[in-house]
Amino acid sequence: YPKLEIVVGSGRIFGFSCWQLWIHENFSGFFYRAPLKSVEGFNLKHFDDIIMDACDISDAEVEPQPLWEYPCRAQSRPLPLITFQFNEKIPEKIVQTTQKFQDLQMNKRGSGVVFWMDWYLTDQDVICTGPVQPIEAHANIAWNMHHKQGVHFFVEQSENVKIKNVSVDLNFEPTEGEISFRFQVE
């Protein structure tokens, strides 16, 4: 066979921490995650624990969302998490990367980490599935309307819990083509 050229040379996943991410209060996913605590004088903590355990087992750590529909504000600068070179051989071992978003000073409630992919056709020709304008700290972000972005929500009911640092561990399992995330909040 003649040598085929792969049009997309590489892809890079970016992420950053954001606040005022009110999707989880605007879509039904929040309601099954919101603890009931007490109803009509009945303590429902056991029920809340069952629901949260089920969510931990079945829900993805990062969910696709059309962020252009929901305003949010950047709390950190975007950082690259992993780059895929499509013209190279697929790695045989798990690829692990870690990024840390530091000095955030934001409420845990209404906050999260968002992700998107940039596709590099050439060094100059890039298709971005994330922000369509440069990201400015504490300003609303203009998102690409034609793609969904990945979102990890920090589950917290109290307005008083603050986040200073967030570490994101990303693992790419090449044999399965799966990406997994782990988040640590300080």
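Counting from 1, the numbers follow the sequence of the chain as shown.
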* Considering all heavy atoms, the nearest Lys148-Pro66 contact -> CG-N, 4.0 Å
* Please check if the side chain of Glu136 supplies one atom and the backbone of Pro134 the other of a donor-acceptor pair under 3.5 Å. => no
* To do: Report yes or no: does Gln149 contribute a side-chain atom to a donor-acceptor pair with the main-chain N or O of Thr129 at less than 3.5 Å?
  => yes
* Test item: His138 and Gln75 side chains (from C-beta on) under 4.5 Å apart, heavy atoms -> yes
* Quick one: are the ring centres of Phe16 and Trp116 less than 6.0 Å apart? -> yes
* **Side-chain donor/acceptor of Gln99 to backbone N/O of Pro80, under 3.5 Å** => yes
* To do: Mark yes when over 12 heavy atoms from residues, nucleotides or ligands other than Asp56 sit less than 6.0 Å from its CG; otherwise mark no.
  => yes
* Asked: To the nearest 0.5 Å, how far apart are NE2 in His46 and CG in Leu44?
  -> 10.5 Å
* Okay, side chain of His152, backbone of Val113: is any donor-acceptor separation there less than 3.5 Å? -> no
* Asked: Does Met117 belong to the same Ile/Leu/Val/Met/Phe/Trp/Tyr cluster as Val8, with side-chain heavy atoms less than 4.5 Å apart forming each link?
  -> yes
* Can you check whether Ile135 reaches Arg77 side chain to side chain, under 4.5 Å on heavy atoms? -> no
* Asked: If you take all heavy atoms of Trp19 and Ser111, which pair is closest and at what distance?
  -> CB-OG, 3.7 Å
* **From CZ (Phe172) to CD1 (Ile13), nearest 0.5 Å** => 9.0 Å
* Asked: More than 12 non-hydrogen atoms from neighbouring residues, nucleotides or ligands closer than 6.0 Å to CZ on Phe86, yes or no?
  -> yes
* To do: Answer yes or no: is there a donor N or O on one side and an acceptor on the other, between the side chain of Glu173 and the main chain of Thr175, under 3.5 Å?
  => yes
* To do: Report whether Ile57 and Phe181 are members of the same hydrophobic cluster (ILVMFWY, side-chain heavy atoms less than 4.5 Å apart, transitive linking).
  => no
* Could you tell me whether Ile90 atom CD1 has more than 12 heavy atoms of other residues or ligands within 6.0 Å of it? => no
* Structure fact -> When rounded to the nearest 0.5 Å, the distance separating CZ of Phe115 from CG of Leu170 is 7.5 Å
* Asked: Is the backbone N or O of Ile94 less than 3.5 Å from a side-chain atom of Asn171, with the two atoms forming a donor-acceptor pair by type?
  -> no
* For the student: nearest non-hydrogen atoms of Ser10 and Gln85, plus distance -> CB-OE1, 3.6 Å
* Asked: Taking only residues two or more places apart in sequence, or in another chain, which ones meet Trp68 in a ring pair (Phe, Tyr, Trp, His ring centres under 6.0 Å)?
  -> none
* Structure fact -> SG of Cys128 to CH2 of Trp119, rounded to nearest 0.5 Å, is 12.0 Å
* Please confirm whether the backbone N or O of Asp103 pairs with a side-chain atom of Asn165, one donor and one acceptor, at under 3.5 Å? => yes
* Asked: Are side-chain heavy atoms of Val166 and Gln184 found at a separation under 4.5 Å?
  -> no
* To do: State whether the side chain of Ser76 and the backbone N or O of Ser17 hold a donor-acceptor pair below 3.5 Å, judged by distance alone.
  => yes
* Rounded to the nearest 0.5 Å, what's the gap from NZ on Lys45 to OG on Ser38? Could you check? => 13.0 Å
* What distance separates Gln133 CD from Ile141 CD1, expressed to the nearest 0.5 Å? -> 11.0 Å
* Asked: Between Phe183 and Phe154, how do the two ring planes meet: parallel, tilted or perpendicular, split at 30° and 60°?
  -> perpendicular
* To do: Report whether Ile51 and Val39 are members of the same hydrophobic cluster (ILVMFWY, side-chain heavy atoms less than 4.5 Å apart, transitive linking).
  => yes
* Structure fact -> Correct closest heavy-atom pair for Lys100 and Leu79 would be O-CD1, 3.9 Å
